[in-house]
Structure formats: C-alpha cells, structure tokens
Trainee: 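Would you mind keeping the following structure in view while I ask a few things?
Hydrogens, waters and symmetry mates are skipped; everything else that's a heavy atom, side chains included, is used. Each residue takes its place number in the sequence, starting with 1. All ligand and atom numbering here is 1-based and tracks the order in the structure.
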Amino acid sequence: MVRWHSVQACAIVTPMKLNFGRDHLAIPGPSTIPSRVLAAMQQPAPNIYAGPLIDLTEQTYQGLMRIAKSSGQLVSYVGNGHAAWEACLSNTLSPGDEVIALVNGRFGGMWSIIAEALGVNVKWIEAKGTEANNTDELLKALQADSTHKIQAVLMVQTDTSNSIINCVESVRNAMNAATHPALLMVDAIASFACEELHVDAWGIDVLVTACQKGLMTPPGLAFNIISDRVWQLHDKASRNTPYWDWKPRVEGELFPEKFGGTPPTHLLLGLSEAVKMLEEEGIENTWARHRAHAECVWAAVDAWSADGDIRCYISDKTLRSTAVTSIATAHEDAIRIQEWASEHTGVTLGVGLLPVAGAGLDNNQFRIGHMGHLSPPMILGTLSCVNSALIALNIKHGDGAIDAACNVIAAY
Ligand SMILES: Cc1ncc(COP(=O)(O)O)c(C=O)c1O
C-alpha cells in the first residue's frame, strides 16, 4: 500500500517511505565496510617507495598470517578472487599436468574451468550441492595414482553459491592416508576470517583469498598464502608469466614489486584497519560471532520452513557455512522477496545462483550474507525485513521466526 504525503505549500507530492535510514547490503560479498575502514582510507595519496605505508603493510600482512595461522609466505595481487585463483594455478601448473578438483558448487566448478583453460587435465570429483566433498572417491583416486601424476587437489572451503562448507581437514586426511604428495589448494575467498581455519595445521599448501568478504575491505586485493612445498612445482610451471609470478612479489626489494607495479595504496590503508579490528576482536571470537549470526539466520529460516516452501538450501546443519545462507523458495518467491525487501526496507539480499559454473541466476533462491562487519541489529533487522516481505507478499510460512532468532542472540 502506498501512502501519499502532500506538501500543500509548494504542491509537491512525494510517496511516504519507511527506509529513510541506512540501507543494508546483505549480500555475501562485497560485505559491509566498517566506518573505521572507510575513515582509514580517507587520506591523501601516500608515497609508495618509502614511508609509513610500507611499515603499515608489513604489519598488516603479519596480522593476516596470524589470522590464517600460517608460517608460510603471503603474496598479493591487485585483483579479485578470480585473480587469486589464476595466480595459484599459473604459479604451479603446466599444460598437461593433472589435478583433482572437488566440486560441489558453482565456484568450485569455475576454478576448475580456469585450470582447464590453462591446459591442465582436471579430474572433477563432484558431489551434489547439498553434500560435502567426496573424500572417499578422492582417497581412491589418489591411491590409484601410483606414479604420482596428480600434482594438486583443489577444493573450496565455503562455496558461496549454495552456502555449503567443506571440511579441509577431511580432505587433508584423505591425502595423507593415500601418502600422496599432491599440493592441497584451498579457496577460502568466502570463508577467510569467517570460518575456522588453520593453514599450517591442516597442511594447506596454497590458500587463495581476497579482501572483500570476511576482511571487510572494498574489493581489489587478492592473496595467495603459500607453503614451502610450492617451489618445486613453481620452478617447473611453464605457463607462468612475469606479472603472475610469485617470486618477485615475495623477494622484490622495492615496495611496488610486491604488487607487480603500483600498489593499491588506499586498499592497503583500509585493510590495515580491518586487520587491526579483527586482531582486537581475536580471530576465535570472530569465528564464534559468525557462528552466532549464522545460527540466528538458520533459526529464523527453520521456523519459516515449518509451514510452506521456504527453507535452508542445505538441510544438514553441519554442512552450513557460517558466512552465508542460501534459502530456497518455490514459485520464484525468492525474486519477489528480494525486490520487496530492497524497495520497501532498504535491505539488499543476495541473488540466488544456479549451482553450475557459468549458469545464470536461480529465481527460486536468495542468499543472506552474514560475513564480516555484522552485529545483532543488522542480522535481526535483515531477518525481520524478510519476515515483513513474507507477510506483505502472502507467502506461506511458519510463525515464530524472529523469536527464534532472538532466542539465539539471548543465549549468547
Ligand atoms: C568461494 C568463492 N570463490 C571465488 C569467488 C570469485 O571471486 P571474485 O568474484 O572476487 O572474482 C567468489 C565470489 O563470490 C567466491 O565466493
């Protein structure tokens, strides 16, 4: 219903609206940028050859490695997640090399397709989008590879398309059980600084990530965190080019060499503040906060699902990401909910993505991003706005969703 408020004196008629406050972007990345990060970027251009930016970046990168729980090396690119993917592949693999890709979502598929485009033979071990990576099949494939032709295993910790979380430890255990020397390469683009992660302890050889999700910084910085084991493959990788090459980025003496050219000055200033915030919070607390907010979302959606067709796409709670939740509906209700929430409440929900790499949008799904800079009013507000959409659009749903979400917060 539209109510009209008329301003008699100047005869201007404007529609009354409720969403006069701050809009909220509830998509699974880019995530909300904290005011502290925005303020840190509000500076004149810094020198890129000497001065405070260089020390600040060094401290920030040390912080990132503490967050990753890695004693390896950090390599950065001016780029997005796709850049992090390609950097990892170009530095380690050559045309004709064999890898295994564990795929149960769109992003796992997309990474594999990029490897194939680089001439790599990718053996896809696929699982349904609602099921974990198939480690039994991985173990068999590695055991069958007695001459160790397989150079790497690729996996995605959180596939943002369907909000499934894969267990890195189980994959590493399968590789160890097969006593196979392949490198373990993990996409943590959606999970970094959201989900529990131990790069060293879990034997991750290359971790790929980017700054725009759990790291709360505007898009544009991509990272590879590498172990000592990568160099043997790196030195043989025949498709690597100077721009992507890890070596000058690790060894370069001039600051710009670490970025293959001009450093992304203001992203580094923003990231430095974001890393400071995460370290002040303590990464274990950050993981716990993500879990609390995720449980809030699951409690609400599970309550809605008691009557009608709206439900969490991943029914097994142990496989649900704490960074994003995909929500399935019927009759293209998902798209109607997104449109209503955006227009009437200022909440932008994430679009549904078809699980297949390169496929389009899924109008029977929407996603709530609960990663990064998030507090109870943001998450309870988002859920309440979706609840309002369900009422306004006459979409059948169970009662008590907001109470269920509040109970989760109350219990912390
Ligand atoms: C798990 C995962 N991998 C890779 C990507 C690709 O990242 P980008 O869009 O920044 O290139 C995304 C993007 O959302 C993602 O969620």
Trainee: Which protein non-hydrogen atom lies closest to atom 12 (C) of ligand 1, naming both residue and atom, and how far is it?
Mentor: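 The answer is F107 CE2, 3.4 Å.
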
Trainee: Does any N or O in the side chain of N240 come within less than 3.5 Å of the main-chain N or O of T92, such that one atom is a donor and the other an acceptor?
Mentor: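 Flag not set: sc N240 to bb T92 has no pair under 3.5 Å.
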
Trainee: Please confirm whether H370 and H290 have ring centers closer than 6.0 angstrom.
Mentor: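 Between H370 and H290, the centre distance exceeds or equals 6.0 Å.
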
Trainee: Below 4.0 Å from ligand 1: does a non-hydrogen atom of D159 turn up there or not?
Mentor: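 Contact check D159 vs ligand 1: negative.
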
Trainee: Run the ring-centre check on H82 versus W85 and record whether the distance is less than 6.0 Å.
Mentor: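 Yes.
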
Trainee: Report the part of W111 (side chain from C-beta onward, or backbone N, CA, C, O) that has a heavy atom under 4.0 Å from ligand 1; answer both or neither where that applies.
Mentor: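 No part of W111 comes within reach of ligand 1.
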
Trainee: Counting non-hydrogen protein atoms only, what is the nearest one to atom 9 (O) of ligand 1? Give residue, atom name and distance.
Mentor: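 Checked against all protein heavy atoms, atom 9 (O) of ligand 1 sits closest to H82 ND1, 4.0 Å.
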
Trainee: Among all the protein's non-hydrogen atoms, which is closest to atom 4 (C) of ligand 1, and how far away is it?
Mentor: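 The closest one turns out to be W85 CZ2, 3.1 Å.
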
Trainee: Going by heavy atoms, is T158 under 4.0 Å from ligand 1?
Mentor: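 For ligand 1, residue contact (heavy atoms, under 4.0 Å) with T158 is present.
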
Trainee: Please report whether ligand 1 has a polar contact with G81, defined as an N or O pair separated by less than 3.5 Å (distance criterion only).
Mentor: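 Checking ligand 1 against G81, an N or O pair does fall under 3.5 Å apart.
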
Trainee: Could you tell me if R320 sits above the aromatic ring of Y313, with its cationic atom closer than 6.0 Å to the ring centre and no more than 45 degrees from the axis?
Mentor: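 So R320 doesn't make the cation-pi contact.
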
Trainee: Give the residue, atom name and distance (to 0.1 Å) of the protein heavy atom nearest atom 15 (C) of ligand 1.
Mentor: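 Ranking protein heavy atoms by distance from atom 15 (C) of ligand 1, first comes T160 OG1, 3.4 Å.
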
Trainee: Between F255 and F259, what is the ring plane arrangement, given parallel below 30°, perpendicular above 60°, and tilted in between?
Mentor: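 Because their plane-to-plane angle is over 60°, the rings of F255 and F259 count as perpendicular.
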
Trainee: With backbone taken as N, CA, C and O and side chain as the heavy atoms from C-beta onward, which portion of M110 lies under 4.0 Å from ligand 1: side chain, backbone, both, or neither?
Mentor: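 Contact part for M110 vs ligand 1: neither.
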
Trainee: Run the contact test for K213 against ligand 1 with a 4.0 Å cut-off on heavy atoms, strictly below, and give the result.
Mentor: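 The answer is yes, since K213 has a heavy atom less than 4.0 Å from ligand 1.
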
Trainee: Using side-chain contact (heavy atoms from CB on, under 4.5 Å) as the criterion, list what pairs up with L267, not counting sequence neighbours.
Mentor: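 Partners of L267 under the side-chain contact (heavy atoms from CB on, under 4.5 Å) test: M41, T217, P218, L221, P264.
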
Trainee: Which word best sums up how the rings of W231 and W246 line up, parallel for under 30°, tilted for 30 to 60°, or perpendicular for over 60°?
Mentor: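 The arrangement is perpendicular - the two ring planes meet at more than 60°.
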
Trainee: Can you pull out every salt bridge (charged side-chain N to carboxylate O under 4.0 Å, His left out) where at least one residue sits in residues 344-365? Sequence neighbours excluded, please.
Mentor: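 Not a single pair qualifies under salt bridge (charged side-chain N to carboxylate O under 4.0 Å, His left out).
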
Trainee: Using a strict 4.0 Å cut-off to heavy atoms of Q212, name the atoms of ligand 1 that fall inside it.
Mentor: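 The list of qualifying atoms is 10 (O).
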
Trainee: Quick test: of every protein heavy atom, which one is nearest to atom 3 (N) of ligand 1, and how far off is it to 0.1 Å?
Mentor: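 Ranked first by proximity to atom 3 (N) of ligand 1 is D187 OD2, 2.7 Å.
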
